[in-house]
Amino acid sequence: MTSKPRVRFAPSPTGFLHMGSARTFIFNWLYARHHGGTMILRLDDTDVGRNTQASVDSIFEGLKWLNLGWDEEYKQSERLDLHRKIAWSIFEKGLAYRDFTPAHTGDAEKSGAQGTWLFNPGAREVSSAESDRRAAAGEPFALRFRVPREAGQSVRFNDAVYGEQIKAANDIEDFALLRSDGMPTYHLASCADDTDLKISHIIRGQDHLSNTFKHVLIFEAAGGAPPQFAHLPLLVAPDGTKLSKRRHGPVVSVTTYRDAGFLPAAFINFLCLLGWSPKDDRENMSLQELTDAFSLEGINRSNAVVNFKEPAATPEDRFDPKAVWLNAEHIRALPIEELSARLLPIVQSAGFKITPEKMLRITPLIRERIKLLRDVLTAADFFFAEKLAAYDSAELIPQKGDMAMALKVLSLARDVLANVEFKHDPLDQSLRAAAAELGVKAGQMFQPIRVAVCGRKNAPPLFETLEVLGRETVLERVERAARLISQ
RNA sequence: GGCGCUGUCAUCUAACGGUUAGGAUACCGCCCUCUCAAGGCGGGUAUACGGGUUCGAUUCCCGUCAGCGCUACCA
């Protein structure tokens with residue numbers, strides 16, 4: 001290929017942005033960026049009845065979070081003249097005809113006798129004189145493509161992913177180009193715009209593979225060569241069916257991942273691994289690495305299961321484990337400053353008062369302990385809370401120890417902590433020395449202190465934690481723990 | 001019903017017809033260690049089934065089965 005590719009993502013605003021659409025957007029974007037081409041966003045909004053502003057908002061909201069951007073933007077509803085012009089040019093060539101049959105309601109004909117489903121019998125045979133007369137009389141009609149019916153005719157194209165595709169023309173119905181209200185159908189509008197916008201590659205879901213034969217017919221009738229097609233294997237739910245919010249709930253919506261604390265780069269990384277592979281063993285990849293590695297050849301042909309659980313026991317449990325793992329990997333790869341800046345608003349909007357400076361000191365202590373950004377609320381709660389949440393005094397008992405040992409440890413710890421310099425090394429040395437003095441193991445010394453200051457047994461490393469918490473808070477919490485035992 | 005696409009561990013995937021069928025996640029175990037993580041090491045699980053072609057099929061062909069998609073004046 002000599003010229004730069006022009007690709008498009010063309011969602012129809014009839015629902016929220018789900019993962020499958022997001023992946024299609026990403027693959028188009030990667031292809032464009034990899035080849036230095038142009039990424040186009042086009043709203044395929046010709047179905048006036050089903051389009052909603054809420055859906056448009058949802059799509060932009062999702063795409064904005066992905067933060068990839070695009071180069072050109074169009075709206076089909078503003079290009080209707082072009083669509084109609086092309087439809088009528090096809091009619092002028094004798095490749096389309098008026099169908100005065102009233103629109104079918106429902107799918108009652110599906111199981112009808114073979115052959116009749118292809119088109120409305122008789123409609124395409126109406127003479128042009130009669131057709132003109134009825135149209136002039138104001139009778140409503142749909143404009144249908146006249147699919148060639150001569151024996152042996154076939155339509156073919158070469159898909160970059162699925163290879164050579166051939167279909168007998170007799171298996172293609174006379175599909176509509178214009179509805180009886182004059183609005184273009186998806187097939188017509190899409191091809192008309194793809195031609196006009198000089199789209200070079202159509203990268204879209206495999207659910208359009210069968211439709212592509214119709215599109216090839218339109219492209220050729222409109223007098224142009226079809227673009228290169230590349231169909232993507234579908235993303236399916238664990239039950240094997242196509243992703244749907246109605247069936248599978250909000251786990252399939254892009255904004256759910258955003259709100260749960262996924263990093264856009266991790267989410268993108270995860271989506272790329274569904275149906276595409278760099279062919280080496282890499283999985284954890286940055287956007288740049290993905291861009292460099294992306295190619296149509298790496299796309300495979302079988303549907304991929306997004307392994308989510310809905311409903312799930314825990315918030316993180318509902319997502320595909322690999323997505324969560326990748327997110328944790330991306331979190332750990334982030335510079336502390338950036339991670340801290342992303343954590344701060346989450347903590348603040350949960351109602352805690354915290355300064356950016358303090359957050360920056362806490363972040364290194366938890367970044368290997370959170371998988372989703374929102375985990376900061378449970379992993380670092382004791383740093384934010386004015387008053388520690390209540391805990392069972394039994395938690396203070398060290399391994400192989402008893403309540404008396406806990407009290408002994410806490411009493412001495414209070415004295416030590418009242419005087420030691422609040423830095424990692426002095427804390428380490430003096431607390432270990434205190435353990436030796438009491439004749440307990442280091443772990444038995446640390447555990448009661450940890451529970452006293454964190455309110456639980458599992459927490460970040462002790463000395464760093466004490467350092468960030470500061471003497472005043474630590475002493476207060478240690479004394480409170482001692483009192484809890486004494487009562 | 002018709003047409004089409006697809007079928008490798010639980011899941012995502014790798015393997016110019018010749019590999020002990022590889023990697024990752026998840027799970028389990030060990031190590032490290034002040035707890036939890038992170039990290040290191042190790043473990044089990046797969047070519048849907050049946051026929052061909054071939055010296056040799058995960059790989060090519062046919063059939064069966066299964067899943068999915070399309071079959072609208074939806075996209």
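Proteins come first, then strands; the chains are lettered A, B, ... in the order of their sequence lines, and each starts at number 1. Just so it is clear, the model here is predicted, and its values are computed rather than measured.
Using P as the reference atom, B/C16 and B/U58 are 13 Å apart when rounded to the nearest Å. The P atoms of B/U54 and B/C61 are separated by 16 Å, rounded to the nearest whole Å. Using P as the reference atom, B/C32 and B/U13 are 38 Å apart when rounded to the nearest Å. For B/C27 and B/U6, the P atoms lie 34 Å apart once the distance is rounded to whole Å. A distance of about 47 Å separates the C1' atoms of B/G2 and B/U20, rounded to the whole Å. Only the C1' atoms considered, B/A14 is 13 Å distant from B/U47, to the nearest whole Å. A distance of about 48 Å separates the P atoms of B/G63 and B/C41, rounded to the whole Å. For the P atoms, the distance linking B/U45 with B/G23 amounts to 13 Å, nearest Å.
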Strictly under 3.5 Å: I want the nitrogen or oxygen pairs between protein and nucleotides 27-29 of chain B, one per line.
none

Identify each atom pair where a protein N or O and an N or O of nucleotides 64-66 of chain B are less than 3.5 Å apart, giving names and distance.
none

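Of the residues A/Leu188, A/Thr185, A/Val147, the one that meets the side chain to side chain contact (heavy atoms under 4.5 Å, CB included) test with A/Phe175 is A/Val147.
Listed nucleotides: B/G4, B/U11, B/G69. Nearest to the side chain of A/Leu234: B/G69. Of the candidates B/G69, B/C73, B/A75, the closest approach to any side-chain atom of A/Ala176 belongs to B/C73. With B/C73, B/A26, B/C70 as the choices, the nucleotide that has an atom nearest any side-chain atom of A/Ala103 turns out to be B/C73.
Remark: B/G1 base-pairs with B/U71; criterion is Watson-Crick or G-U wobble with both hydrogen-bond distances under 3.5 Å. Nucleotide B/G29 has B/C41 as its partner under the Watson-Crick or G-U criteria, with both atom distances under 3.5 Å. In this structure, B/U64 forms a base pair with B/A48, meeting either the Watson-Crick or the G-U wobble geometry with both donor-acceptor distances under 3.5 Å. Pair check for B/U53 finds none; no Watson-Crick or G-U wobble contact set falls under 3.5 Å. The pairing partner recorded for B/A14 is none, the criterion being a Watson-Crick or G-U wobble arrangement whose two distances lie under 3.5 angstrom.
The pair A/Arg149-A/Asp174 counts as a salt bridge, with a side-chain nitrogen and a carboxylate oxygen less than 4.0 angstrom apart. Here A/Lys214 pairs with A/Glu173 in a salt bridge; the nearest charged N to carboxylate O distance falls below 4.0 Å. With respect to A/Asp196 and A/Arg79, a salt bridge is recorded, a charged nitrogen being found less than 4.0 Å from a carboxylate O. In this structure, A/Arg282 pairs ionically with A/Asp280, as a charged nitrogen and a carboxylate oxygen lie closer than 4.0 Å. A/Lys85 and A/Asp81 are not joined by a salt bridge, as no carboxylate oxygen comes within less than 4.0 angstrom of a charged side-chain nitrogen.
Residues satisfying the ring-ring contact (aromatic ring centres under 6.0 Å, His included) test with A/Phe91, not counting sequence neighbours, are A/Trp88. Under the rule for a ring-ring contact (aromatic ring centres under 6.0 Å, His included), the partners of A/Phe463 that lie at least two apart in sequence or sit in another chain are A/His424, A/Phe446. The ring-ring contact (aromatic ring centres under 6.0 Å, His included) search around A/His215 returns A/Tyr186, A/His187, not counting sequence neighbours. In this structure, A/Tyr74 has no ring-ring contact (aromatic ring centres under 6.0 Å, His included) partners at least two apart in sequence or on a different chain. Among residues two or more places apart in sequence or in another chain, the side-chain hydrogen bond (donor to acceptor under 3.5 Å, both in side chains) test is passed with A/Gln228 by none.
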Under 4.0 Å protein heavy-atom contact, by nucleotide of nucleotides 12-23 of chain B - B base, S sugar-phosphate only: BSSS------BB
Contact state string [nucleotides 34-45 of chain B, B base, S sugar-phosphate only, - no protein heavy atom under 4.0 Å]: BBBBSS------
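Going from atom CG of A/Leu235 over to atom C1' of B/U6 covers 15 Å, rounded to whole Å. The separation between A/Lys309 atom NZ and B/U11 atom P is 13 Å, rounded to whole Å. What separates CG of A/Leu326 from C1' of B/U11 is a distance of 13 Å, to the nearest Å. Rounded to an integer number of Å, the gap from A/Asn211 CG to B/A75 P is 11 Å. Going from atom OH of A/Tyr186 over to atom C1' of B/C70 covers 12 Å, rounded to whole Å. Distance A/Lys441 NZ to B/U33 C1': 14 Å, rounded to the nearest Å.
Interface remark: the A/Ser180 side chain does form a donor-acceptor pair with the B/C73 base, using a distance-only criterion of under 3.5 Å.
Close to B/A75, at under 4.0 Å from its OP1 or OP2, lies a side-chain N or O of A/Thr46. Not one side-chain nitrogen or oxygen of A/Arg301 sits closer than 4.0 Å to the OP1 or OP2 atom of B/C5. Look at A/Arg50 and you won't find any side-chain N or O under 4.0 angstrom from OP1 or OP2 of B/A75.
A/Gln53 and A/Asp57 share a side-chain donor-acceptor pair at under 3.5 Å.
Taking a 6.0 Å sphere around CZ of A/Arg374, one finds it holds 12 or fewer heavy atoms contributed by other residues, nucleotides or ligands.
Using a 4.5 Å cut-off on side-chain heavy atoms (C-beta onward), A/Val440 and A/Pro398 make no contact.
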Stepwise side chain to side chain donor-acceptor pair (under 3.5 Å) check, A/Asn28 with A/His201: CA-CA 9 Å; A/Asn28 273 282; A/His201 296 71; over 6 Å; no
A/Phe319/A/Phe262 under ring-ring contact (aromatic ring centres under 6.0 Å, His included): CA gap, chis, key distance, verdict: CA-CA 10 Å; A/Phe319 301 109; A/Phe262 277 86; 5.0 Å; yes
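Note on residues 435-459 of chain A: pairs passing side chain to side chain donor-acceptor pair (under 3.5 Å), not counting sequence neighbours, are A/Asp381-A/Arg456, A/Gln447-A/Arg450. Residue pairs satisfying the side chain to side chain donor-acceptor pair (under 3.5 Å) criterion with at least one member in residues 229-242 of chain A, sequence neighbours excluded, are listed as follows: A/Asp159-A/His231, A/Arg204-A/His231, A/Thr212-A/His231, A/Asp239-A/Thr241, A/Asp239-A/Arg247, A/Asp239-A/His248, A/Thr241-A/His248.
Within residues 155-168 of chain A, the residues approaching RNA chain B are A/Tyr162, A/Gln165, A/Lys167, by heavy-atom distance under 4.0 Å.
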